[in-house]
Asks: 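Below are the C-alpha cells for one structure; questions will follow.
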Amino acid sequence: MSTPRIRTKAIEDVLGRVPNHTDAPSAKVSDFFGANVFNEDAMRMFLTEDAYFAVRQAIHQGERIDRKLADQVASGMKEWAFTKGATHYTHWFQPLTGLSAEKHDAFFEPIGGGRSIERFDGSLLVQQEPDASSFPNGGLRNTFEARGYTAWDPSSPAFVIGRTLCIPTIFISYTGEALDYKMPLLRAIRAVDEAATAVCQYFDKDVNKVMATLGWEQEYFLIDKSLFFARPDIMMCGRALFGHTPAKGQQLEDHYFGSIPDRARAFMRDFENEALMLGIPVKTRHNEVAPNQFECAPVFEELNLAVDHNVLLMDIMEKTAHKHDFRVLLHEKPYAGVNGSGKHNNWSLATNTGKNLLRPAKTPKENLQFLTFFVNTIKAIHNHADVLRASIATAGNDHRLGANEAPPAIISVFIGEHLSNLLDGLEKNIKGGMTPDLKTELKLDIGRIPSVMLDNTDRNRTSPFAFTGNKFEFRAVGSSANCAGPMTVLNTIVAHQLRVFKKQVDQLITKGTKKDEAILRVLRDVIAESKAIRFEGNGYGEEWVKEAAGRGLKNIMDTPRALDVWSSKETKALFADMNVMSPVEVEARHEIKLHNYTLKIQIESRVVGDLAQNHIIPTAISYQNRLLENVLGLRAVLGEAGAKKASSTQVKLIEEISEHLGTVKVLVDQMIEARKKANTKVEARDKAISYCDTVKPYLDKIRYHVDKLELLVDDELWPLPKMRELLFTR
Ligand code: ADP
Ligand code: MG
C-alpha cells in the first residue's frame, strides 16, 4: 500500500537541519546600532544646517517643512542612502490590513541619449500616490476614484533595508481621511501631549512637552518550514484548525525561561542584529510558556517610533525566519491547548524635562503630580473601557481573551495593595474638607509613596491593565496587532480625561480654592467615581466574571459585538472632540474591522471544509478499508463463527470510524449552508455576527470529530503533522 509520506518527510527535514549562524557585524552592538537609520548623526553629516534644523523642528514641534527645504532633505537623504548601497526608495506605510506596505521605485531615471541620473527630490520625498485601490478603506474611497496618497512623517526616521531607502509615511485619502494606523496615532499623541502639558503646568512651569512612551513585548511561535507546508491550515490561517492535544503540552512548565534551542537562538541573533542596525533597541529574549514559543522585547521608546519599530520588527522576523528554514507564527492562538501569544504594551508619559509622570518621586509635590496622572489614567479606563476593549478585538484575539491564559475580556485595572490603600485613604480623608492637620497628614502619606512602591512586589499577571511601578502595562493586546490601534485609543481617552480634570480644577481655583487643595479634591472625586474598574483579585477566576457583572463591567466575548461601541454617538464625539478621528473615519474603521473578522472566519471555515473532505475523510476511509479487508480475511480463514471473536476490535473500530466520518460530513455540509446564508447579509455587522454565531461554532464541532479520528486511524496513514510534532520537533 502506498502512503502519503509528506508528514514523515517533513519531520525528517526538521531533524536534519543545522543551525544557520550569522555573525554580527561586530561584537559590540554600539558599533553598529542604528547604522542603517538616517538618524541625528547621519542628518548632521548629510544635511545643510537649515535642512537639519527644519527636520528637528518637525520632529519636536510638529512644524511643516517647506518645499525648498524638503528638496535639501531629499538630496541629503539620497546621498546617505547611496553610502548604504540603496538603489530604490519607497514610502513605507501601515494600511489597515495590519501589515506594512511598500512600493519600490528606482532612483535611476533615463535622461535620453543613453544616459541616466539618480533622481530623488523634495516632491518624491514628501508625497507619493501608490495605486492603492485594493487596500481596505471602509467605503472611504470609491474604488473608481482609487486614489490615496502617502505623506512623509518626519517624526520617524528613514532607514535602509537591503537596497531600499524606506521613508515612513502616513496614508490618506484624497479627501483627507486617514486610511492607515499612523495618522490617528499621531493625532492622539498630539492630543495627549497638549492635555498632559497643560496639567503639568500646575506642578512645573518648565514642562512644555509631554511624550507618550511605549515598550512592547512581542510573543511568537516558531515552526519549521517543512511542517508549515505540511499543514495547509497553518499556512493559510496561521493556526492549527485540527490536532488532538498531545499527552505532554506545557504542564511541566519546562520551556519557560529554559535554555533557548540552538536553531531558535541562531534565528534570534540574526533578526536582532538586523533590528539593531535599524535602531530598534531589542534587549530581551527568552522562551515563553508554550513549547516553541518565544518573546522579544526592546527598551521603550517614544510611542510613534516604538510603533514603527514593532511593525518593522514583525517584518524582519518574518524575512529572517525564511533564511533559517523557519516560519514565524504571530497569530494569537496557533495551537489549542497551550498558551497563545500576546503583545504587552507598557505605556507611560514623559516630560521634556526628563521626568516619567508615572514614576513616584521623593517629594510630596512631585508625588501629587504622579497621583494626578495615575488616578486620571484609571478614570480614563473606567469611562472608556468599551472603546479600549474594542481596540484589541480581532478574530485571533477572541481565542485568547478569557481563556485562562490571557486577561479576560473584562477590562479592569490592577494597581497593587499599597496604592489601593492609599487611594482608599485619600477618598475617605478628604471627605470632610481639609483641616491644616489633615493637609499635613496627606502630604506625609503622599510623600511616602516611593518607599511603599519598593515594597510593592506583588505582581498580578491576570489583569488586562496593570500598574507595574512606573508604567501601566496593557496586557490584552494580541501578538499580531499593530500597537497603534490600542495606543491611539489609550492616549485619546487619557487626553480627554486630563482635559476634563483640568477644567474641574481650574473651576475650583477660580472660586478661590488653593491649587493643591483643588487638585486633591478633584482627585478624590475621580478616585471615587472610578472605583468599579479597580480589581486586585484573580482575573482568571469564575468569581470575577460574576463580581464584574455585579459592578456593571462588561464582558464582551466576541469581536463583532465588542466593535459595536465604534458606532455609538459617544465614541464618535470622543474622537472628534480630541481631533483624533472624524465620525466618518470612526465608521470606516468599524466597517473594516467587521469585514476583516468575517474574512478571517470565512477562510478558516473553507480550510476546515477542504481539509476534512480532501484529507481527513479519504484517510479515514483508507484505514477503514484495511480493517474491512482484515475482517473479511479472518472470515475466509476462520469462518463466520470463528471470526466473530477474532475480529471484534476491528468491527468496533470500523463502526466508530463510520460514526465520526458520517458526522464530519454532515457538519461540513451544514457549515457550508451556514456560510451561504451568512454571505447573503448585506450590512457588515450582520454578516460578521452571522459568521460569529452560525459559522464559527462548526470549526470546533468538526474539529472534535476529526481529532477523534486522529486517535483511531493508523499513525502511518495520518496525513497532517500532529500537535506533538508541531510543538516538540525542533
Ligand atoms: P516584564 O513585564 O517582563 O516584567 P519589565 O517590567 O522589565 O518586564 O518591563 C517590560 C517593558 O516595559 C520593557 O520593554 C521596558 O522597556 C518597558 N518600560 C519600562 N519603562 C517604561 C516606560 N516608562 N514607558 C514605557 N515602557 C516602559
Ligand atoms: Mg510584561
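All of these numbers come straight from a predicted model, not from anything done at the bench. Throughout, residue positions are numbered sequentially from 1 according to the sequence presented. One-based numbering, in listed order, for ligands and for the atoms of each.
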Asks: Any N or O on W216 sitting closer than 3.5 Å to an N or O of ligand 1?
Replies: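 Not met; the criterion fails.
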Asks: Between the candidates N470, N345, N346, T213, which shows the shortest non-hydrogen contact distance to atom 11 (C) of ligand 1?
Replies: N346
Asks: Determine whether more than 12 heavy atoms belonging to other residues, nucleotides or ligands lie under 6.0 Å from atom NZ of K554.
Replies: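 12 or below, so no.
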Asks: Can you tell me which portion of N356 lies within the under-4.0 Å heavy-atom range of ligand 1? Options are side chain, backbone, both, or neither.
Replies: side chain
Asks: Give, for atom NE2 of H496 and atom CZ of F575, the distance between the pair rounded to the nearest 0.5 Å.
Replies: 10.5 Å
Asks: Applying a 4.0 Å heavy-atom criterion (strictly less than), which segment of E473 is in contact with ligand 1: side chain, backbone, both, or neither?
Replies: side chain
Asks: Ignoring hydrogens, what is the shortest heavy-atom contact between L349 and T213? Give both atom names and the distance.
Replies: N-OG1, 4.2 Å
Asks: Please indicate whether any nitrogen or oxygen in K471 is less than 3.5 Å from any nitrogen or oxygen in ligand 1.
Replies: yes
Asks: With a cut-off of under 6.0 Å to the ring centre and 45° to the axis, is R263 in cation-pi contact with F326?
Replies: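 Verdict for F326: a cation-pi partner in R263.
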Asks: The test is side-chain hydrogen bond (donor to acceptor under 3.5 Å, both in side chains); show your working for H382 and E529 and say whether it passes.
Replies: CA-CA 9 Å; H382 172 267; E529 290 157 10; over 6 Å; no
Asks: Does the side chain of Q218 pick up a donor-acceptor pair with the side chain of K343 at under 3.5 Å?
Replies: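 The criterion, which ignores hydrogens and geometry beyond distance, is satisfied for K343 and Q218.
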Asks: Which atoms of ligand 1 are found less than 4.0 Å from any heavy atom of V299?
Replies: 16 (O)
Asks: Report the member of P298, G215, P281 with the shortest heavy-atom distance to atom 14 (O) of ligand 1.
Replies: P298
Asks: Does any N or O of ligand 1 fall below 3.5 Å from an N or O anywhere on L214, backbone included?
Replies: no
Asks: Side chain, backbone, both or neither: which part of E217 has a heavy atom under 4.0 Å from ligand 1?
Replies: side chain
Asks: Is the ring pair F271/Y220 parallel, tilted or perpendicular, if the boundaries are 30 and 60 degrees?
Replies: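 Rings of F271 and Y220: perpendicular, as their planes differ by over 60°.
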Asks: Using a 4.0 Å cutoff against the non-hydrogen atoms of S348, which atoms of ligand 1 qualify?
Replies: 22 (C), 23 (N), 24 (N)
